[in-house]
Amino acid sequence: ILTPSSTQTASTPSSSTVTLPVEVIGLNGTTASASITIPSGTNLSGQLSLWMQIHGLRSETQASVQVNNSGWLPISSSTVTLLGNAAAYGGIGGGFSTLKMTMNLPAGTIQSGSNTISFRFNQTDGRVSGFRVLAFNVQAANGSLLIPASTFVNDDPTTWQPPSTSAS
């Protein structure tokens, strides 16, 4: 079984790209971060939200997100709006392994220029060891996405290394 290298970071080849998925897998408290740039001149007025597509959320207390210097914001059914049919089928930990959601961000959290989005694996429920952020973006009050799609690149599995070099 091949897995992404443990030395991989969320931002890769160039400082202007983010490699997806952002993997947040490991011990309780494991974090992974991505640096994104909001183009100058972007209208940041009104309610901004973080749009996310996450695989592997199995419990309400499993994950949190931090934007720049905000506090950690829990990812739970009381803090996000689940998109599609997820809420009707049990929400977080329900019938879907991959969930799309939006989370309202506190005013002033996002700024023009460089921003850091950090995801934290809070704790296991005894069955899981993390989750993967398959996609994310900052969404304006009018629903438009503020980070250009060209910022995101998919991880290349041909660069993955085995978790151990031992022949056994």
Side-chain angles (χ1 to χ4, degrees), residues 1-26 30-57 62-76 79-87 92 96-122 130-163:
I1 296 175
L2 296 179
T3 60
S5 168
S6 61
T7 60
Q8 173 186 342
T9 59
S11 354
T12 53
S14 119
S15 62
S16 62
T17 62
V18 175
T19 301
L20 296 173
V22 176
E23 294 194 319
V24 192
I25 298 174
T30 296
T31 64
S33 298
S35 295
I36 49 118
T37 301
I38 301 295
S40 62
T42 300
N43 181 357
L44 299 177
S45 64
Q47 179 62 62
L48 299 179
S49 60
L50 184 62
W51 178 91
M52 300 173 280
Q53 181 179 19
I54 301 178
H55 176 263
L57 287 182
Q62 184 178 343
S64 295
V65 63
Q66 181 182 50
V67 180
N68 293 321
N69 294 319
S70 74
W72 285 99
L73 307 167
I75 299 173
S76 69
T79 63
V80 301
T81 300
L82 294 169
L83 305 175
N85 289 322
I92 295 173
F96 292 102
S97 296
T98 300
L99 302 168
K100 291 181 182 178
M101 64 194 76
T102 59
M103 172 186 278
N104 287 340
L105 295 172
T109 303
I110 295 290
Q111 59 195 12
S112 289
S114 182
N115 292 268
T116 301
I117 312 285
S118 300
F119 298 93
R120 180 176 67 194
F121 174 59
N122 294 330
F131 60 94
R132 288 179 176 87
V133 180
L134 304 179
F136 70 94
N137 208 315
V138 177
Q139 185 172 313
N142 67 5
S144 65
L145 300 176
L146 302 183
I147 305 168
S150 59
T151 299
F152 302 100
V153 296
N154 291 319
D155 191 18
D156 180 1
T158 64
T159 64
W160 293 1
Q161 298 297 315

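- Here Ser45 pairs with Asn43 under the side-chain hydrogen bond (donor to acceptor under 3.5 Å, both in side chains) rule; sequence neighbours left out.
- Taking 4.5 Å as the limit, every side-chain heavy atom of Leu20 sits out of range of all side-chain heavy atoms of Gln53.
- Heavy-atom contacts from other residues, nucleotides or ligands closer than 6.0 Å to CG of Asn142 number more than 12.
- Considering all non-hydrogen atoms of both residues, Ala63 and Leu57 come closest at CB-CD2, 3.7 Å.
- Residues Ile117 and Val67 form a side-chain contact, since some pair of their non-hydrogen atoms from C-beta on lies under 4.5 Å apart.
- Here the OG atom belonging to Ser114 is positioned 7.5 Å from the CD1 atom belonging to Ile36, to the nearest 0.5 angstrom.
- With contacts defined as side-chain heavy-atom distances shorter than 4.5 Å, the pair Thr30/Ile25 does not qualify.
- Distance check: Thr109 OG1 to Gln111 CD gives 9.5 Å after rounding to the nearest 0.5 Å.
- Under a 3.5 Å cut-off, the side chain of Asp155 and the backbone N or O of Pro21 do not form any donor-acceptor pair.
- A heavy-atom distance below 4.5 Å is not found between the side chains of Ile110 and Leu50.
- Note that CG of Asn115 is 7.5 Å distant from CD1 of Ile147, once rounded to the nearest 0.5 Å.
- Considering every non-hydrogen atom in both Asp156 and Thr159, the closest pair reads O-OG1, 2.7 Å.
- Counting only heavy atoms from C-beta outward, the side chains of Ser112 and Leu44 approach each other to under 4.5 Å.
- In this structure, Gln47 contributes its side chain and Ala140 its backbone to no donor-acceptor pair below 3.5 Å.
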Worked check of side chain to side chain contact (heavy atoms under 4.5 Å, CB included) between Gln62 and Asn122: CA-CA 5 Å; Gln62 184 178 343; Asn122 294 330; 5.9 Å; no
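- Here OG1 of Thr81 is found 10.0 Å from CE of Met101. Values are rounded to the nearest 0.5 Å.
- Among residues two or more places apart in sequence or in another chain, the ring-ring contact (aromatic ring centres under 6.0 Å, His included) test is passed with Phe136 by Phe119, Phe152.
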Leu105 vs Leu73, side chain to side chain contact (heavy atoms under 4.5 Å, CB included): CA-CA, chis, key distance, verdict: CA-CA 9 Å; Leu105 295 172; Leu73 307 167; 4.2 Å; yes
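- Contact record, Thr42 with Pro39: OG1-O, 2.5 Å, taken as the closest heavy-atom pair.
- Closest of all the heavy-atom pairs between Val22 and Ala32 is CG1-CB, 3.7 Å.
- Here the CZ-OG1 distance, from Arg120 to Thr31, works out to 8.5 Å after rounding to the nearest 0.5 Å.
- Two residues are said to be in side-chain contact when any heavy atoms from C-beta on lie closer than 4.5 Å; Thr102 and Asn104 fail this criterion.
- Of the possible polar contacts, none joining the Glu23 side chain to the Gly130 backbone as a donor-acceptor pair under 3.5 Å is found.
- The shortest distance between side-chain heavy atoms of Leu99 and Ile92 falls below 4.5 Å.
- Ile75 places a side-chain heavy atom less than 4.5 Å from the side chain of Val65.
- Distance check, rounded to the nearest 0.5 Å: CH2 of Trp51 to CE of Met103 gives 14.5 Å.
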